[in-house]
Amino acid sequence: MPRHHPQPDPIPPGFKRAVPVSTYFAALGKFYVRETPGQPPVWGIHVRHKHGNRYGTGHGGFIATLADTHMAGFVHHNFPGLRVVTTDLKVKYIRPAYHGSWLEGHQVEVKREGDYGLVVCDLIARGELVARCTGRFKLSLKTEPPLL
């Protein structure tokens, strides 16, 4: 498949516009989510020029931002009603996501260990693994101060 497209990839069936979780996240552009009963959500976004580096691919910081936000979303999905604060984030970059690519965040694993949620997430574009991401999130009741 060609790396660069004059038009962005089509949005796959079942995805609907997602409400941004913060003004920072909203500034990244239009996000989408596919929600299927009994399954974790799948997040999607087009890699735009504004997300890119000088090589025409999604910037590593953009990829890391998606990983962090998607994984926090997976924790919220699995453990609703809790505050989630990132304490550790690792991104293994496998291959680039080119401008125009439809990039999806998929939950691989979520588990709870005490006051922490542990997550593995894959970022996939055009059927290929872009990044394997792991995160650790401090969990607390929303009534508690957001301290680590």
Side-chain angles (χ1 to χ4, degrees), residues 1-5 7-36 38-80 82-140 146-148:
M1 180 173 280
R3 293 181 174 181
H4 302 280
H5 290 278
Q7 297 294 319
D9 293 345
I11 298 170
F15 280 88
K16 297 187 182 331
R17 283 286 301 273
V19 177
V21 296
S22 69
T23 54
Y24 175 77
F25 204 59
L28 294 175
K30 295 177 184 175
F31 276 86
Y32 297 82
V33 63
R34 183 177 63 215
E35 296 178 294
T36 306
Q39 297 182 19
V42 176
W43 304 98
I45 188 172
H46 282 110
V47 180
R48 303 281 185 196
H49 182 74
K50 70 180 182 175
H51 305 136
N53 56 31
R54 69 178 93 187
Y55 306 110
T57 65
H59 189 280
F62 168 70
I63 300 297
T65 296
L66 295 180
D68 183 31
T69 305
H70 294 340
M71 288 190 291
F74 296 139
V75 173
H76 281 291
H77 175 79
N78 285 274
F79 309 113
L82 297 177
R83 176 178 280 134
V84 176
V85 178
T86 308
T87 61
D88 185 52
L89 175 69
K90 295 180 182 162
V91 180
K92 182 176 181 180
Y93 299 95
I94 309 295
R95 64 180 42 83
Y98 291 95
H99 292 169
S101 295
W102 176 254
L103 182 60
E104 293 181 356
H106 291 263
Q107 174 183 311
V108 175
E109 179 181 9
V110 174
K111 62 184 178 179
R112 184 170 180 171
E113 290 186 359
D115 291 338
Y116 291 90
L118 307 176
V119 185
V120 179
C121 167
D122 283 346
L123 298 180
I124 298 171
R126 298 181 178 158
E128 297 194 329
L129 184 63
V130 170
R132 167 62 58 102
C133 314
T134 58
R136 183 174 183 251
F137 297 83
K138 174 74 170 139
L139 307 175
S140 64
L147 301 175
L148 300 177

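Here, residue 1 is the first one in the sequence, and each next residue gets the next number.
Rounding to the nearest 0.5 Å gives a distance of 11.5 Å between CZ of R83 and NZ of K138. From L89, atom CG reaches atom CG of D68 across 5.5 Å, with rounding to the nearest 0.5 Å. Summarising the geometry, atom CG belonging to D88 is positioned 9.5 Å from atom CG belonging to L118; distances are rounded to the nearest 0.5 Å. To the nearest 0.5 Å, atom OG1 of residue T87 and atom OH of residue Y116 are 5.5 Å apart. Atom NE2 of residue H59 and atom CZ of residue R54 lie 9.0 Å apart, to the nearest 0.5 angstrom.
Annotation: H76, atom NE2; neighbour count of heavy atoms from other residues, nucleotides and ligands within 6.0 Å is above 12.
V47 is listed as a side-chain neighbour of F62, based on a closest heavy-atom distance under 4.5 Å. Put simply, the side chain of T134 does not reach to within 4.5 Å of the side chain of V119, judged on heavy atoms. Between F137 and L82 the shortest side-chain heavy-atom distance does not fall below 4.5 Å. Contact of the P96 side chain with the Y55 side chain is not registered, since no non-hydrogen atoms from C-beta on lie closer than 4.5 Å.
Ring geometry, W43 versus H70: the interplanar angle falls under 30°, so the pair is classed parallel (tilted spans 30 to 60°). Between F31 and F25, the angle of the ring planes stays under 30°, which puts this pair in the parallel group of the 30/60° scheme.
Panel note: side chain H51, backbone L28; a donor-acceptor pair is recorded below 3.5 Å.
When all heavy atoms of P41 and F74 are compared, the pair lying nearest together is O-CE2, 3.1 Å. Residues R48 and P8 share a closest heavy-atom pair of NH1-CG, 3.7 Å. Among all heavy-atom pairs drawn from V91 and A67, the shortest one is CG2-CB, 4.3 Å. Of all heavy-atom pairs between G58 and N53, the closest is O-ND2, 3.9 Å. Nearest heavy atoms, S101 versus R126: OG-CZ, 3.3 Å. Closest of all the heavy-atom pairs between I94 and A131 is CG1-CA, 4.1 Å.
Take H46 and apply the ring-ring contact (aromatic ring centres under 6.0 Å, His included) test, not counting sequence neighbours, and it matches W102. Taking R132 as the reference, D122 meet the salt bridge (Lys or Arg N to Asp or Glu O under 4.0 Å) condition, with sequence neighbours excluded. In this structure Y93 satisfies the ring-ring contact (aromatic ring centres under 6.0 Å, His included) test with no other residue, sequence neighbours excluded. Annotation: salt bridge (Lys or Arg N to Asp or Glu O under 4.0 Å) contacts of E128 (sequence neighbours excluded): R95. In this structure Q39 satisfies the side chain to side chain contact (heavy atoms under 4.5 Å, CB included) test together with T36, sequence neighbours excluded.
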Quiz item: Do V42 and V33 pass the side chain to side chain contact (heavy atoms under 4.5 Å, CB included) test, and can you show the C-alpha distance, the side-chain angles, and the key distance before you say yes or no?
Solution: CA-CA 6 Å; V42 176; V33 63; over 6 Å; no
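Each of I63, I124, D9 was scored for a side-chain contact (heavy atoms from CB on, under 4.5 Å) with L103, with one residue passing: I63.
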List, one per line, each side-chain donor-acceptor pair under 3.5 Å for residues 105-114, sequence neighbours excluded.
unit_1 : atom_1 : unit_2 : atom_2 : d
H106   : NE2    : E104   : OE1    : 2.7
Q107   : OE1    : N78    : ND2    : 3.1
R112   : NE     : G114   : O      : 2.8

